[in-house]
Protein chains: 2
Amino acid sequence: MDTQHYLQAAERLCAANGGKLTELRRQVLELVLGYPGVVKAYQVLADLQRDRGAAAPPTVYRALDYLAQYGMLHRVDALNGYIVCHHFECSHQALILACEQCGGVEELDADATFQSLSQTTARAGFVPRAQSLVLTGSCKHCQP
Amino acid sequence: MDTQHYLQAAERLCAANGGKLTELRRQVLELVLGYPGVVKAYQVLADLQRDRGAAAPPTVYRALDYLAQYGMLHRVDALNGYIVCHHFECSHQALILACEQCGGVEELDADATFQSLSQTTARAGFVPRAQSLVLTGSCKHCQP
DNA sequence: CAGGTAATGTTATACAGTAACATCCGCGAT
DNA sequence: ATCGCGGATGTTACTGTATAACATTACCTG
Ligand SMILES: [Zn+2]
Ligand SMILES: [Zn+2]
Ligand SMILES: [Zn+2]
Ligand SMILES: [Zn+2]
């Protein structure tokens, strides 16, 4: 899916949730798309400042939060960063592998794992918030 | 396992790794033990300052890092916090459920899940760093 | 146009984590 | 005993991450 189609799909997703892919949000989404892996909020902030002059932290955090809320981005807690989700249209349960060395990201289907997970948490009466699961480690190119 | 036995086991674990459960580390470990769920570094710092006078961030982060490195604590990235591990003696693969509402924590055995996980990541040539997996969500007492 | 709602701008501050260097302490070798 | 070493802690100062609170703007609707 190229960038144009991706952004159109993002627009549809926003509309389906009663919102809009505003200029700012589109700009932030494009910036994150421009990175191969994990991006940090303050990196996006710096890019924004370069591209459009003034910008402050709340501006970028609000856009990132919105995009993550509806699944266009995933937050990677372990790295204080964000990654683009390329599968938000097919409602998926994604297993995300984020490499700590190179910042690269891979997103897998892992239905069996999630099924096993949800059985286990249900037994404890626990409802996980995130529908995606992020593991950090070393990718195949960065093995020690 | 009561606190006394727990601390003795922690001492053994440190010794087995060529280190020591120093006074500071023991004090930090006891402080974290005193909380029912997730504790944040700056909370421990405040407690330390109350108990022993001066203390600065590096003091508490060094102790927390050490304790987490050998498994006495687990770090919970999603909450910028730490929890006590009550099973560090049996080398375990723990699934940790952290409630975002009440801060409560539950640690389960989830061998089936981890087996499924490791098969999936191995297929991608990916080696996860953490041997424990933390999910955030709502515990059975805090369902919406 | 008036009034409401969502989005963005702005300022200031809170919270989290680390670098760099100084000091201290326990222990083995001379 | 004391010198020197390495691990642990103290101290200062800083960088990075995130949010509160309030002002302003854009846009839709009646
Ligand atoms: Zn995804
Ligand atoms: Zn890598
Ligand atoms: Zn554990
Ligand atoms: Zn709860």
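Proteins get letters first, then strands, A, B, ... in listed order; numbering begins at 1 in each. Any value given below was found using the heavy atoms of this structure, including those in side chains, with hydrogens, waters and symmetry copies removed.
- Between the side chain of A/S118 and the backbone N or O of A/F114 there is at least one donor-acceptor pair closer than 3.5 Å.
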Which pairs, protein N/O on one side and nucleotides 10-15 of chain D N/O on the other, fall under 3.5 Å?
from: D/dG10; atom 1: OP1; to: B/R52; atom 2: NH1; distance (Å): 2.9
from: D/dG10; atom 1: OP2; to: B/T59; atom 2: OG1; distance (Å): 3.4
from: D/dG10; atom 1: N7; to: B/R62; atom 2: NH2; distance (Å): 2.5
from: D/dG10; atom 1: O6; to: B/R62; atom 2: NH1; distance (Å): 3.1
from: D/dG10; atom 1: O6; to: B/R62; atom 2: NH2; distance (Å): 3.4

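- One atom, CG of A/L79, and another, P of C/dA16, lie 18 Å apart when rounded to the nearest Å.
- The main-chain N or O of A/L67 is never found under 3.5 Å from a side-chain atom of A/R25 such that the two would form a donor-acceptor pair.
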Expected string for nucleotides 23-30 of chain D under the B/S/- scheme (protein heavy atoms, under 4.0 Å, primed atoms plus P, OP1, OP2 as sugar-phosphate) is --------

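- Counted within 6.0 Å of CD on B/Q115, heavy atoms from surrounding residues, nucleotides or ligands total 12 or fewer; the atom is thus considered open.
- A salt bridge does not link B/D65 with B/R62: none of the charged nitrogens is closer than 4.0 Å to a carboxylate oxygen.
- OP1 or OP2 of C/dA6 has not a single side-chain nitrogen or oxygen of A/R25 nearer than 4.0 Å.
- The interatomic distance linking B/D65 (CG) with D/dA8 (P) rounds to 13 Å, in whole Å.
- Between B/D77 atom CG and D/dG16 atom C1' the separation is 16 Å, expressed in whole Å.
- Residues B/E11 and B/L7 have side chains not in contact (no heavy-atom distance under 4.5 Å, counting atoms from C-beta outward).
- The separation between A/Y66 atom OH and C/dA6 atom P is 12 Å, rounded to whole Å.
- Summarising the geometry, the separation between CD on A/E23 and C1' on C/dG9 is reported as 16 Å, rounded to the nearest angstrom.
- Criterion: ILVMFWY side-chain heavy atoms under 4.5 Å apart, direct or through other members. Under it, A/L108 and B/V127 are not part of a common hydrophobic cluster.
- In this structure a side-chain-to-backbone donor-acceptor pair under 3.5 Å is missing from B/E106 to B/L97.
- Side-chain contact between A/V44 and A/Y35 is absent, with no heavy atoms from C-beta onward closer than 4.5 Å.
- Of the possible donor and acceptor atoms, one in the side chain of A/D2 sits under 3.5 Å from a partner among the backbone N and O of A/Q4.
- Heavy atoms of A/R26 sit nowhere under 4.0 angstrom from any nucleic acid atom.
- A heavy atom closer than 4.0 Å to some atom of DNA chain C occurs in B/K40, B/Y42, these being the qualifying members of residues 36-49 of chain B.
- The closest side-chain heavy-atom distance from A/L133 to A/L117 is below 4.5 Å.
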